[in-house]
Amino acid sequence: MDTNNFTSWIEISQSAYFKNIDFFRSKMVPGTELSVVIKANGYGHGILEIAKMANEKEVKTFCVNSLEEALILSDNDFSQTIFILGPVMLSRIKTVVEKDFECVCYNRENLKEFQKEAFKQGKQAKIHLKIETGTNRQGIKERELDDFLDRLKETTDVELKGVYSHFANIEDTTDHSYAQKQIDSFEKSLNLIKSKGFKGFKVHFASSAAAAIFPRTHYDMIRLGISQYGLWSSKETYLTYISEHGHGREHILSPVLSWKTKIAQIKPAKKGEFVSYGCTRQVTRDTLIGVLPIGYSDGYDRKLSNQGYVLIHGKRAPVLGRVAMNLTMVDITDIPEAKLEDEVVLIGEQGEEIIRAENLAALTGTINYETVSRIAPHIPRMIV
Ligand SMILES: *Cc1c(COP(=O)(O)O)cnc(C)c1O
């Protein structure tokens with residue numbers, strides 16, 4: 001793809017992606033499967049671009065949030081197991097069964113619908129039972145489990161493909177006692193499931209943080225989300241990891257995404273003039289302004305107004321005034337070599353400088369997950 005035509009684009013580094021997958025495979029307990037979580041447009045990286053690279057790395061299971069995401073993958077002829085983690089409305093379970101998607105099951109109502117549809121279509125619905133162990137989010141509680149299993153036992157139209165749960169706070173702390181309680185509760189439920197005669201299902205619990213620092217949670221499969229993209233779940237996870245494994249280069253994840261734009265206009269402003277909406281910024285010297293064709297509707301957060309910076313010729317150019325819907329102004333006075341349509345880095349490396357998703361997350365009061373997943377889907381993604 002010729003980036004000359006684009007006002008903004010995303011580069012996805014295949015070598016970085018492959019390195020991250022290899023890194024996790026080397027950490028995994030032998031016999032464990034690595035599945036990748038590519039919901040939210042592959043955490044903003046592009047669902048199809050990531051699926052393509054994961055396919056080359058022989059990943060066998062793609063986890064998505066919605067039926068719509070599952071359909072994008074099947075419409076593009078991926079032959080992997082597609083596992084839907086998020087809620088599907090009862091009226092659409094028909095499609096889940098038709099397409100042979102695997103899907104979360106967390107209450108009697110959706111179990112009944114899976115059963116009904118599978119019977120009608122003369123096939124088996126494939127469910128993963130989600131056990132609630134401490135998030136009070138999605139999942140079935142211990143006290144409802146016995147009754148649920150009895151109902152599941154009665155039907156041959158529904159196949160129990162997996163049993164899983166999700167950690168509440170592994171990435172938020174270096175104290176893993178709450179996670180341990182979740183594991184204890186999960187194992188109690190597993191014992192009940194096994195005692196009822198269910199077998200042949202996959203057991204899985206670990207997302208990126210647990211995959212990195214808690215090998216005993218790997219069970220049959222890990223669900224690798226954020227860290228396949230080269231980002232740590234949190235500073236705490238990173239610190240826990242390096243305190244056990246050291247700082248060596250082999251322990252560093254490689255960020256996969258770079259986000260770039262270009263200088264669309266260069267404009268001198270006299271000392272005392274104002275920049276952008278709301279006149280929140282008055283320049284205190286004669287200033288050269290670079291106008292960038294990027295704004296909050298593209299996912300460049302409005303909280304970066306007067307706070308963020310971009311890279312031009314390997315130097316930092318601070319954001320001047322408010323980020324608008326489609327335009328952002330930066331100060332290029334100290335980068336005299338900057339020319340019209342020069343490349344600008346919003347996230348990524350240029351020269352000696354790097355802007356990480358974590359840097360923008362810190363400036364906008366959020367986490368790297370949100371920073372990357374909110375980059376608008378209309379921006380072209382390309383694998384480099
Ligand atoms: C999003 C998600 C994951 C991936 O979590 P990361 O922290 O990004 O690795 C795993 N499991 C479930 C159920 C999820 O919703």
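Just so you know, ligand 1 is whichever comes first in the structure, and atom 1 is the first atom listed for that ligand.
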Per-atom contacts of ligand 1 with Lys39, taking only distances under 4.0 Å to non-hydrogen atoms: 1 (C), 2 (C), 3 (C), 14 (C), 15 (O)

Smallest separation among heavy atoms of His218 and Ala206, with atom names: CD2-CB, 4.4 Å

Identity and distance of the protein heavy atom lying nearest atom 5 (O) of ligand 1: Ser207 CB, 3.3 Å

Short N or O distance, Lys130 and ligand 1, threshold 3.5 Å exclusive: no

Val37 N/O to ligand 1 N/O under 3.5 Å: no

Side-chain ion pair, Lys120 and Glu117, N-O less than 4.0 Å: yes

Ionic contact status for Asp22 with Lys57, cut-off 4.0 Å: yes

Backbone or side-chain N or O of Arg223 under 3.5 Å from ligand 1 N or O: yes

Salt bridge Lys123-Asp100, side-chain N to carboxylate O under 4.0 Å: yes

Ionic contact status for Glu11 with Lys260, cut-off 4.0 Å: yes

Side-chain donor or acceptor of Glu132 paired with backbone N/O of Gly134 under 3.5 Å: yes

Ligand-residue contact atoms, ligand 1 with Tyr43, heavy atoms, under 4.0 Å: 1 (C), 4 (C), 5 (O), 6 (P), 8 (O)

Structural part of Ile226 in contact with ligand 1, heavy atom criterion under 4.0 angstrom: both

N or O pair under 3.5 Å between Glu171 and ligand 1: no

Atom 9 (O) of ligand 1 [closest protein heavy-atom partner, distance rounded to 0.1 Å]: Ser208 OG, 2.5 Å

Main-chain N/O of Lys270 paired with Asp286 side-chain donor or acceptor, under 3.5 Å: no

Tyr369 N/O to ligand 1 N/O under 3.5 Å: yes

